[in-house]
Amino acid sequence: MNYTNRFKSFIKKPHNVILVSLAIILSYLTIVPMITIILDTFTVHQSELMRVKGAAVGDFTLYHWTKVLFSSASRKIFYEPFLNTMVVSFGTCFIAITLGGMMAWLVTRTNLRFKGILSTLFIFPYIMPSWTLAMAWLNFFQNSLVGGSPGIFTALTGIETANWFAYGPFPIIVVLGLHYAPFAYILIGGILRNMDANLEEAALILKASRAKIMRKITIPIVLPAMLSTFLLVFSSAMSAFAVPAFLGTSVRYQVLTTQMYRTLNGLNPGYGYIMALLMIIIGVFILGINHHIVGSRKSFTTITGKSSNISLINLRGMTTPLSYLLLILISMVCIVPLFSFALESFIMEPGNYSFDNFTTLFWIGSGSPEIANGEPGILRNPSIFTGLWNSLRLSVLVAFISGSMGILAGYAIVKKKNSRLSAFVNNLAFFPYLMPSMAFGAIYLSMFAVRRGFIPPLYGSFALLVLVGAVKYLPFASRASVGAMHQLSNEIEEAAAIQGIGWGKRMLRIIIPIQKASFLSGYLLPFISCMRELSLFILLVTPSTRILTTMLFQYNEKGWSQYANAINLLIVLFVVLSNTAVNRLTGASIDKGIGGQ
Amino acid sequence: MPQIILKNITKRFGSAVAVDNLNLVIDDREFLTLLGPSGCGKTTTLRMIAGLETPTEGDIYIDDVCVFSAERGIDISPDKRNVGFLFQNYALWPHMTVYKNIAFGLENMKWDKERIHARVYELLEMLRIEEYHDRYPAELSGGQQQRVAIARTLATGPKILFMDEPLSNLDAKLRMEMRTELKRLHAETDSTFVYVTHDQLEAMTLSTNICLLRNGLLQQYAPPLEVYHTPSNVFVADFVGSPNINMIEVSGESVNLDEVKLSNEQVRMLFVPTSSSFSITKGQKLFLGIRPECIAITEEGPLSGEIYSTLPSGMETIVKIDVDGLLLTCVVFGGVDFAMGEQVNISFTSEHIVLFDQATERNIATGKLM
């Protein structure tokens with residue numbers, strides 16, 4: 001066969017066309033930005049002219065690197081935030097895995113009560129925006145030491161909270177830990193549920209004690225999943241922006257992301273790009289380790305068994321008290337924050353919880369000049385409605401694009417598995433997951449600030465938000481879809497192909513309907529993530545394109561916490577309701593998308 | 001001498017009854033098979049004896065010790081029942097090497113290193129898997145995994161061994177080979193084996209006693225050949241034996257002293273019982289159960305028909321004969337072939353022909369046909 005014919009037969013197969021197009025598009029949208037960001041770390045920017053003596057914009061310089069890594073200021077600029085990031089990330093992992101792992105074990109292996117409701121509630125913090133708990137924390141525990149009003153806790157008990165308890169690493173770790181615990185719960189729970197109970201029974205028959213079975217059998221077997229969880233939580237915690245921004249800023253506790261926000265938004269974008277680059281490198285490194293662990297020869301991904309045979313461990317007298325205790329604790333984390341938002345948004349003067357201080361001003365007031373520059377209440381505030389409208393159409397567009405791309409990508413990747421092209425596209429589609437959102441936003445900011453070929457300068461446009469969101473959330477959709485396609489045997493499509501049914505019809509009438517739930521998760525996850533995303537968009541929005549989350553952040557920065565609380569309540573309710581609605585209607589759910597059962 | 005006794009064991013899952021009032025006595029060194037179609041409660045029974053499942057009612061004794069009693073609230077945990085268990089999917093620990101898998105139980109019994117080493121190698125040798133000692137389970141074939149699982153179960157030398165369909169994941173050739181080895185193992189280890197299978201051939205060839213279950217109810221508890229030749233009811237007769245037993249609907253009438261005249265549209269024959277006497281009412285509806293090997297193709301015979309199909313496999317030939325619309329299966333030894341439509345005569349040669357009542361499906365008598 002000559003090359004022309006070979007090419008013709010290659011291009012005849014839809015999955016080859018998809019793979020080639022995705023390879024080109026995604027290279028442009030992920031690899032080119034990487035190169036841009038590397039170049040940016042060596043370039044003089046407009047705002048840096050003052051610092052770099054005698055240079056013009058665009059000149060090559062080593063100033064950023066030496067300043068960030070090897071100068072007297074490096075400690076403050078880079079090393080301290082880096083160390084803080086590590087402390088926060090490790091602490092978060094510890095809490096998330098301990099809580100999530102324990103919960104997973106209790107739900108899958110014991111006769112705990114209220115498993116259904118506990119499980120649903122436990123996942124709640126992951127569905128809510130990450131700063132929800134941070135804001136709730138402030139609502140409850142903030143003190144008047146760093147300026148500002150005392151929280152509900154102080155109002156109720158009269159005890160002033162200590163600074164270390166109210167702000168800085170401790171609350172950041174606790175809040176992020178709680179936020180990512182569901183992640184660990186879903187991943188570890190999935191393994192425990194799939195893990196053959198016979199493996200534990202076999203040890204029991206050989207007279208091993210419960211403790212020994214746990215130590216020698218259960219934990220080693222779930223260890224790869226735990227490590228995987230650890231790495232994913234670690235990279236997520238590392239790139240978390242909102243929580244450290246809410247809880248750390250007032251005591252000047254900087255992590256890499258908050259530092260990046262300061263520098264990129266301020267006078268030293270070069271510093272920011274270096275931090276972004278370093279975070280991406282750490283992310284890639286973590287992915288490498290993860291691949292290594294999952295691919296090792298002790299891997300057990302093929303374990304299946306009669307899981308119905310699981311004999312649940314009887315907690316005996318502990319069952320009821322423990323069940324109620326968990327129910328109360330989890331409700332406190334999931335439901336009480338919402339009440340605090342509602343409460344805070346009705347209070348005139350922050351910190352004063354007496355009845356005559358209540359007001360509906362921030363919801364339906366027309367705005368008075370002495371409060372918050374005359375900003376009207378959020379239910380009659382046109383800029384809030386612009387924000388809501390922007391958030392909604394952004395999320396819908398992003399979900400549609402990344403969900404559909406994900407389906408195609410998953411289809412083509414699995415169809416041509418074991419080929420180099422497929423592996424390449426698979427990695428490209430996953431790559432945005434590793435980029436810290438803030439850094440990703442920064443790259444697109446730098447890349448599309450100018451005309452690129454036929455693409456006009458996109459800065460300030462809504463299209464840029466859609467583009468960055470669609471690429472950033474593609475990994476969610478493509479992973480859900482790769483998983484779904486793996487479960488589908490090739491013969492199912494071939495049976496249709498042999499009857500002469502065209503590719504489009506095969507996709508629409510056979511493949512998509514069969515794996516409907518998984519594919520829908522691939523749309524739902526980007527939608528919800530986008531609805532609550534802050535750090536990805538914060539560098540890119542302009543007043544005309546602002547969205548709810550960035551408005552919330554701005555209100556909070558200005559100290560108008562009532563508005564922030566009210567908006568937050570809106571976002572949480574919206575996200576939870578849409579998740580529940582989609583779940584009820586289609587069976588798709590957020591936990592299915594990230595590897596749960 | 002370890003004897004296992006089950007008294008009035010019942011297991012309910014919610015409202016579904018998995019095992020219904022089961023009574024069994026399993027003697028020392030027996031090879032007992034729990035046989036039945038899927039969902040009949042055999043695995044549940046095995047798991048209850050091992051202590052992995054809790055019966056709803058009844059008592060279980062192992063070696064004269066009561067290990068479970070619903071009434072007295074006794075429930076000894078599996079690790080204290082001194083039994084071994086071989087799981088259907090082997091349940092090898094994926095994170096341990098073959099050596100570690102086998103040594104785990106011994107380490108648990110606090111044996112010293114050298115003794116463990118010697119014992120593990122003894123087993124590796126016995127099951128011919130020495131060269132795989134440092135492999136992980138994922139790197140072994142199904143048959144090798146199975147051997148490792150057996151070695152792990154045998155390592156601690158349990159006097160009672162439970163096996164839950166251990167051969168069902170193997171291919172036909174390997175299964176055949178493993179059957180031989182299991183039977184040898186039973187003789188060599190001097191232990192009691194309780195074996196679960198849905199494969200009647202496995203039960204027939206391996207066991208000293210078969211316990212046949214259906215929907216949680218005991219159907220028959222007897223040695224294999226007895227189950228084969230004198231099945232207690234129509235279900236047992238049909239479940240055991242391949243190809244299936246011929247079931248002919250007839251109506252009967254007692255004649256002479258204890259003989260029965262059987263008749264239907266195609267057949268008119270006299271049944272002479274060899275078992276104890278019985279009587280039937282005139283015109284009572286009966287099933288006549290004739291094993292395929294009890295039908296011979298002969299020069300002359302009481303019945304004639306034409307060949308419907310032949311399936312020669314070399315060692316034997318399965319022949320289906322159409323006797324005026326009644327389809328009979330018979331087995332002829334050796335590779336005989338017949339042409340389809342060929343006319344043949346048949347006769348009934350055995351004393352193991354069984355008569356069942358149609359209403360109760362119970363075994364009435366065994367005997368021969370004249």
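Computed from heavy atoms alone, side chains included, the values below leave out hydrogens, waters and symmetry copies.
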**OP:** Kindly compute the distance separating NZ (A:K207) from NZ (B:K110), expressed to the nearest 0.5 Å.
**Re:** 12.5 Å
Original post:
At what distance, to the nearest 0.5 angstrom, does OG of A:S209 lie from CG of B:D79?
Top reply: 8.5 Å
Subject >> Contact list for residues 152-162 of chain B, test side-chain hydrogen bond (donor to acceptor under 3.5 Å, both in side chains), sequence neighbours left out >> reply: B:N101-B:R152
**OP:** Taking heavy atoms only and a threshold strictly under 4.5 Å, list by residue number the residues of residues 114-125 of chain B that touch chain A; give 'none' if the list is empty.
**Re:** none
Original post:
Do other residues, nucleotides or ligands put more than 12 heavy atoms under 6.0 Å from the CE atom of B:M109?
Top reply: yes
Original post:
So, do B:F162 and A:I205 sit near enough that their side-chain heavy atoms are less than 4.5 Å apart?
Top reply: no
Original post:
Take atom CZ in A:F94; do more than 12 heavy atoms of anything else shown fall under 6.0 Å from it?
Top reply: no
Subject >> A:K216, NZ atom: more than 12 neighbouring heavy atoms under 6.0 Å >> reply: no
Subject >> Residues in side-chain contact (heavy atoms from CB on, under 4.5 Å) contact with A:I117, at least two apart in sequence or another chain >> reply: A:F114, A:L121, A:L327
Original post:
Using non-hydrogen atoms only, which part of B:F85 is less than 4.5 Å away from chain A: side chain, backbone, both, or neither?
Top reply: both
**OP:** Calculate, to the nearest 0.5 Å, the distance between atoms CD and CD belonging to B:E53 and A:E201 respectively.
**Re:** 8.0 Å
**OP:** Could you tell me which portion of A:K212 (side chain, backbone, both or neither) has an atom closer than 4.5 angstrom to a non-hydrogen atom of chain B?
**Re:** side chain
**OP:** Using the ring pair (Phe, Tyr, Trp, His ring centres under 6.0 Å) rule, collect all pairs that involve residues 30-63 of chain B, keeping only residues at least two apart or in two chains.
**Re:** B:F31-B:H186, B:F31-B:F193, B:F31-B:Y195
Subject >> Minimum side-chain heavy-atom gap B:S77-A:L204 below 4.5 Å >> reply: no
Subject >> Closest non-hydrogen atom pair between A:L206 and B:F104, with its separation >> reply: CD1-CD2, 4.5 Å
**OP:** Over all heavy atoms of both residues, which pair between A:I217 and B:M96 is shortest? Give the atoms and the distance, please.
**Re:** CD1-CE, 3.7 Å
Original post:
Which atom pair, heavy atoms only, marks the closest approach of B:N89 to A:N198?
Top reply: OD1-ND2, 3.2 Å
